[in-house]
A.B. asks: 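Would you mind keeping the following structure in view while I ask a few things?
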Protein chains: 2
Amino acid sequence: MRVTPQPVRRQVEERLREAIITSRFMPGEHLSDRMLGDVFGVSRGVIREAVRLLEAEGLIKVVPNRGPFVAFLSAAEATQVYEVRAVLEALAGQGFAERASTEEIAELREVFEELAATRPGTDRMVLLNLKRRFYGVMLRGCRNAYVARMLDQLLNRNSQLRATTLSDPKRLPQTIAEIRRIVEAIERRDPGAAWAACREHVHQAAQVALRILNQQARDEAAQGLEVALD
Amino acid sequence: MRVTPQPVRRQVEERLREAIITSRFMPGEHLSDRMLGDVFGVSRGVIREAVRLLEAEGLIKVVPNRGPFVAFLSAAEATQVYEVRAVLEALAGQGFAERASTEEIAELREVFEELAATRPGTDRMVLLNLKRRFYGVMLRGCRNAYVARMLDQLLNRNSQLRATTLSDPKRLPQTIAEIRRIVEAIERRDPGAAWAACREHVHQAAQVALRILNQQARDEAAQGLEVALD
DNA sequence: ATTTGTCAGATTGTCTGTCAATATGACGAG
DNA sequence: CTCGTCATATTGACAGACAATCTGACAAAT
């Protein structure tokens, strides 16, 4: 078996993507190519290529002559992301119900049970990783590389927001119930029900996420007011 | 007014994208960075950055240690693309019906009338450009940058196939009728009908496209047989 | 005190040259 | 005809350089 080692560029892409998704680089932060070159121990050329890729994925926003910045997700954009996510996730669920193997369905159930077994107060990163595994199975099993790639990008794009909503202790049981409906529809091989359950799940998540975003906006406005009154 | 000239890199990205979409570079063709550097008159670094971006858009496939190639769309992939396009286009149509301004609706009608007025035998590129203008209005008016970006990528990805199906003289009246239904639903501000009409339009296009793809596959198989018999 | 102007320093955008690792294609041996 | 071997071309990656542009600070002017 021929094993081609991954080029340095790919490793940098992955590490940088992961760093942004896990908020090791904060939204709005300036990603100077020299600085990144030092951090990752590679040349500017490699960094610039990796940045271009993550720019196309929407994780990085490049301002001409000022360089790359970690993309910031406004409330308006979040609304749009959830709108698209709803239909793509529905399509993925439908495809999975139609085309996944019985082994893949069992695997989905397995990950779901792990998620359902978490106790309140579980670390948000643990929860997010479980959910990511769930999506991993889903996107492989739906047999559509395009929906997989696009949905993956969207999930990365608002992973920070998802970590927040997912770890809301009051919301978790509700979330699990929604996902259970997805899994059950898939086990029944009912594409229509899977579609509807996925869509409903994203809609519910959007509700919570937007409430949190608006709350944050209010907080910041209040803080801005305090600062102004200093 | 501050006018920042577009960086060379952006121009190369655009020109390369356009060249691939319009089949000036054929699918499967090897895009050596030195060669592209000569063609566009820029350094390898700029080319490599542009390639990375188009790679993320799916127009270019990079093989490790062999470089970039113009992406090839198999019949299986085309099926997947149409599946995703159907829901994204439906979402765009729905959003347009809900949120576009009356001026934008008038503009959509205008472009549609131009398309409807074409006579049989019109050049495929003229038709494709009209359809691109139609989508341009649609994607701006749907007020969702994410669905716009993703749908744009998908449309670029299979523009070659679209040019073929659009210019099929037997298919054109049918196509126009489908698009008329979209425009009329939008003019009625009926999001549900717009959704359904868009979906139906893509489904129909997919039927034709896949028939053509399978026909091509048969042709190539036959040709391969001849060659084998030489 | 606020605005405007200027200037040094840092960063981006781009080019050139270099070098190791890998793939390609031709050539000759078996 | 098939299988190694080798020269050549290309990719992947690095370093250094330099003009254009942005930033932030400080000085001048209103």
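Labels below follow one simple rule: chain letters A, B, ... track the order of the sequence lines, proteins then strands, and each chain is numbered from 1. Keep in mind that what you see is a predicted model, and the values were worked out from it rather than measured.
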A.B. asks: For A/Asp33 and D/dC14, give me the distance from atom CG to atom P, rounded to whole Å.
C.D. replies: 13 Å

A.B. asks: What is the distance, rounded to the nearest whole Å, between atom CG of B/Leu53 and atom P of C/dG13?
C.D. replies: 13 Å

A.B. asks: Ignoring backbone atoms, test whether A/Arg66 places a side-chain nitrogen or oxygen under 4.0 Å from the OP1 or OP2 oxygen of C/dT11.
C.D. replies: no

A.B. asks: Grab the CG-P distance between B/Asn65 and C/dA20 for me, whole Å please.
C.D. replies: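 Going from B/Asn65 (CG) to C/dA20 (P), I get 16 Å.
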
A.B. asks: Quick one: B/Ile47 CD1 to D/dA13 P, roughly how many Å, whole number?
C.D. replies: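 Going from B/Ile47 (CD1) to D/dA13 (P), I get 18 Å.
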
A.B. asks: Go through the steps for A/Glu98 and A/Arg143 under the test salt bridge (charged side-chain N to carboxylate O under 4.0 Å, His left out), then give the verdict.
C.D. replies: CA-CA 9 Å; A/Glu98 284 171 355; A/Arg143 300 283 191 282; over 6 Å; no

A.B. asks: Whole angstrom is fine here: how far is it from CZ in A/Arg52 over to C1' in C/dT14?
C.D. replies: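 Distance check: A/Arg52 CZ to C/dT14 C1' gives 12 Å.
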
A.B. asks: What's the CZ-C1' distance between A/Phe40 and D/dA13, to the nearest Å?
C.D. replies: 17 Å

A.B. asks: Base, sugar-phosphate, or nothing for A/Arg48, non-hydrogen atoms under 4.0 angstrom?
C.D. replies: base

A.B. asks: A/Arg157 and B/Tyr146: side-chain donor and acceptor closer than 3.5 Å?
C.D. replies: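 Yes, side-chain donor-acceptor contact under 3.5 Å.
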
A.B. asks: Does a donor on one side chain and an acceptor on the other come within less than 3.5 Å for A/Asn156 and A/Glu57?
C.D. replies: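 Note: A/Asn156 and A/Glu57 side chains miss the donor-acceptor criterion.
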
A.B. asks: Find out whether B/Val126 and B/Thr118 are in side-chain contact, i.e. whether some heavy atom of one side chain is under 4.5 Å from a heavy atom of the other.
C.D. replies: no

A.B. asks: Describe the nucleic acid contact of B/Ser43 in one word from base, sugar-phosphate, nothing, applying a heavy-atom distance below 4.0 Å.
C.D. replies: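 Base contact - B/Ser43 has a heavy atom under 4.0 Å of at least one base atom.
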
A.B. asks: If you go through the side-chain atoms of A/Arg44, does one of them form a donor-acceptor pair with the base of C/dT11 closer than 3.5 Å?
C.D. replies: no

A.B. asks: Would you say A/Asp152's side chain and A/Ala148's backbone share a donor-acceptor pair under 3.5 angstrom?
C.D. replies: no

A.B. asks: Considering every strand and a 4.0 Å limit on heavy-atom distances, what is the contact class for A/Arg9: base, sugar-phosphate, or nothing?
C.D. replies: sugar-phosphate

A.B. asks: What is the distance, rounded to the nearest whole Å, between atom CD of A/Gln6 and atom P of D/dG12?
C.D. replies: 12 Å

A.B. asks: Which nucleotide in the set C/dG13, D/dC14, D/dA13 lies at the smallest distance from any side-chain heavy atom of B/Pro7?
C.D. replies: C/dG13

A.B. asks: Could you tell me how far apart B/Glu13 (CD) and C/dT14 (P) are, to the nearest whole angstrom?
C.D. replies: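 From B/Glu13 CD to C/dT14 P: 10 Å.
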
A.B. asks: Give the nucleotide from the list D/dA13, C/dT14, D/dG12 with an atom nearest to the side chain of B/Val8.
C.D. replies: C/dT14

